[in-house]
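Quick note on labels: first sequence line is chain A, next is B, and so on, each numbered from 1.
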2 protein chains.
Amino acid sequence: MELPFQPSQCQPGLSVDCVIFGFHENELKVLLLKLLHNREWALPGGFVMLDEDLDRAAVRVLRERTGLKRIFLRQFHAFGEVSRNLPGHADKLVRTQAIHPSLQAWFEQRFITIGFYALVEYSQVEEPHPDYFSEFCRWYSIRELPPLMLDHQRIVSKALETLRLQLKYQPIGLNLLPERFTMPELQALYETLLEKKLDRRNFQRKMLSYDILVKTDEFRQGGAHKAPVLYAFDPDRYQQALQHGLNSIW
Amino acid sequence: MELPFQPSQCQPGLSVDCVIFGFHENELKVLLLKLLHNREWALPGGFVMLDEDLDRAAVRVLRERTGLKRIFLRQFHAFGEVSRNLPGHADKLVRTQAIHPSLQAWFEQRFITIGFYALVEYSQVEEPHPDYFSEFCRWYSIRELPPLMLDHQRIVSKALETLRLQLKYQPIGLNLLPERFTMPELQALYETLLEKKLDRRNFQRKMLSYDILVKTDEFRQGGAHKAPVLYAFDPDRYQQALQHGLNSIW
DNA sequence: GCAAAAGTGTTAACTGTACACCCATGT
DNA sequence: ACATGGGTGTACAGTTAACACTTTTGC
């Protein structure tokens, strides 16, 4: 039986976990893995090779699960409470045959995990791939998450909190929306994240004033009403806005 | 010879480093440790006990170096590049007698460090205590830092960047200023961090509008001119402002 | 023609900026 | 008395929020 990784090649006691956000049907979703022989779900995660940069490990996990390379990925928190490592956890993994007995010692370690959050375009993720320990993947609306393993619920909450904080001061949407999108679609994203309605006209004006959008000469056809203009983000200006923020006090 | 810590009791390959900021004589300063038998300086840091929460480890480091307990301490980044662990580093430590040879293997590990930044009231830190590996401590203005060990320069830069980001959206000053302070003193802190002059009158109005200050009926006496009013932060409102930010777009 | 969605415009309220003026204190 | 720093006020400019009107499209 081939092992999914070599414990001797990995940084001990350290893992990365990715909260992968997608936006679909006016809902914010996260990609979760269904564990084998277990009713619980888990965040896509992995270990850090001894010769691998921390951030690269997160990129690798993301690539392996979604096939995507160029996405927004940001480190947001290190989770290091002793209590996040439940005593019987490794034992349970072996008993339920989720892992090979030779890996029990590895999973009995006390782990610190570095949380990353990723923003991906939902439709670009064709068929997410489960990892060695999981049965399959699924997108879940953050409003109705299934039971999650260990402290993964908390990790999702913290990621969401960080994402909402980002929304307040930085642009968002690139990586979450298709390359071309309409103003109402962008507004729907904001309204979902903010959990409140915004004025259509003021939203448009404000958004345009940030100067990160490019108006195309195309329209979203096929809708039941007036065809809305398609916009795209100006990648350079978007990056600028990410770095400097949209509205600082001083 | 007594060892300063038991490698077997510590989380392998993991450390915490604290960038401790203080404000004195209109300069932002950081507390640094002078390494033994070495011209380089280092951030106060330490290892994480196996039965110790990550955040607790940072609190402990801070307590051991400054004697302070109640201070602003925030995790800001995990530094995990492979390249931050220089090949000959452990060997050099042994050769210069900075560490006992029995610790060489421990220091040869690849380390990931979690960066924390702390805001402390400069005058409250009586006499900072060096640790086992260092000769003495000193406050350094961030504008003229001495040569720092490994990637500690980068850690300071990232902490400063984070602090300046905080300044843009959140209140600052509690923990950096004495309990009671004048408006011009608070302004000086902002001007130092922002590296620019602000209008005295507009600053006052804006600051008061945030509703996080309490005006006392006392004055700072002894100055050469009109005695300025002393203010204090309202702890509850300050906390609120920290959480919700001062001016969000939406 | 009507309802619903999208684009454009207008005004009033609010906020921020650039100042002027007065007060207190030590020399 | 005056120089300097501190407290308060005001007017103009710029921004935001609330809302009206017009256009397009499917039924």
Side-chain angles (χ1 to χ4, degrees), chain A residues 25-26 167-171 173 177-178 180-192 194-232 241 244-250, chain B residues 25-26 167-171 173 177-178 180-192 194-232 241 244-250:
Chain A
E25 290 175 341
N26 283 356
L167 187 75
K168 283 190 173 186
Y169 309 114
Q170 293 181 331
L177 293 175
R180 298 188 164 204
F181 52 89
T182 67
M183 198 58 88
E185 283 162 7
L186 182 58
Q187 184 176 342
L189 170 62
Y190 272 82
E191 289 182 342
T192 301
L194 293 166
E195 295 183 306
K196 74 173 175 191
K197 288 277 161 203
L198 300 172
D199 184 281
R200 185 173 62 84
R201 299 150 288 191
N202 293 335
F203 178 82
Q204 166 138 343
R205 201 193 341 268
K206 186 178 249 179
M207 215 62 217
L208 289 174
S209 77
Y210 294 144
D211 216 26
I212 53 173
L213 293 180
V214 182
K215 187 176 187 170
T216 72
D217 50 5
E218 292 174 66
F219 301 83
R220 164 92 63 236
Q221 304 289 356
H225 308 289
K226 180 169 181 176
V229 178
L230 286 169
Y231 289 88
H244 303 308
L246 290 177
N247 70 331
S248 63
I249 323 185
W250 309 106
Chain B
E25 288 173 342
N26 283 355
L167 187 74
K168 282 190 173 185
Y169 309 114
Q170 293 180 330
L177 294 175
R180 299 190 163 203
F181 52 89
T182 68
M183 199 58 87
E185 283 161 8
L186 182 58
Q187 184 177 341
L189 170 62
Y190 272 83
E191 290 182 341
T192 302
L194 292 166
E195 295 182 308
K196 73 174 175 192
K197 288 279 162 202
L198 299 173
D199 184 281
R200 184 173 61 84
R201 300 151 285 192
N202 293 334
F203 178 82
Q204 167 137 343
R205 200 196 341 268
K206 186 178 249 181
M207 214 62 216
L208 289 175
S209 77
Y210 295 144
D211 216 27
I212 53 173
L213 294 179
V214 181
K215 187 177 187 170
T216 73
D217 50 5
E218 292 174 66
F219 301 83
R220 165 90 65 234
Q221 304 289 357
H225 308 288
K226 179 170 180 175
V229 178
L230 286 169
Y231 289 87
H244 303 307
L246 289 178
N247 69 331
S248 62
I249 323 184
W250 309 105

Rounded to whole Å, CD of A/Gln221 lies from C1' of D/dT24 at a distance of 11 Å
Looking at every heavy atom in both B/Thr216 and B/Leu230, which two are closest together, and how far apart are they? OG1-O, 2.6 Å
B/Asp199 CG - D/dA11 C1' separation (whole Å): 15 Å
Take the protein atom NZ of A/Lys206 and the nucleotide atom C1' of C/dG9, then report the distance between them rounded to whole Å. 19 Å
Between C1' on C/dA5 and CD on A/Glu185, what's the gap in Å once rounded to a whole number? 13 Å
Which residues pass the side-chain hydrogen bond (donor to acceptor under 3.5 Å, both in side chains) test with A/Gln204, not counting sequence neighbours? none
Atom CD of A/Gln187 to atom C1' of C/dA6: distance rounded to whole Å? 11 Å
Measure from OH on A/Tyr210 to P on D/dT15 and round the result to the nearest Å. 12 Å
From CZ of B/Arg220 over to P of C/dT25, roughly how many Å is that when rounded to an integer? 15 Å
Would you say the side-chain atoms of A/Gln170 pair up with the backbone N or O of A/Leu246, donor to acceptor, closer than 3.5 Å? no
Using atom types as modelled and distance alone, determine if a side-chain donor or acceptor of A/Lys206 lies under 3.5 Å from a backbone N or O of B/Ile249. yes
Quick check: closest heavy atoms across B/Ile212 and B/Pro171, and the distance to 0.1 Å? CD1-CB, 3.6 Å
Distance, rounded to the nearest Å, where A/Leu198 contributes CG and D/dC19 contributes C1': 16 Å
Taking the six-membered ring for Trp, are A/Tyr210 and B/Trp250 parallel (under 30°), tilted (30 to 60°) or perpendicular (over 60°)? perpendicular
Nucleotide N/O to protein N/O under 3.5 Å, stretch nucleotides 2-9 of chain D:
unit_1 : atom_1 : unit_2   : atom_2 : d
D/dT4  : O2     : B/His225 : ND1    : 2.8
D/dG7  : OP1    : B/Val229 : N      : 2.8
D/dG7  : N7     : B/Arg200 : NH1    : 2.6
D/dG7  : O6     : B/Arg200 : NH2    : 2.8

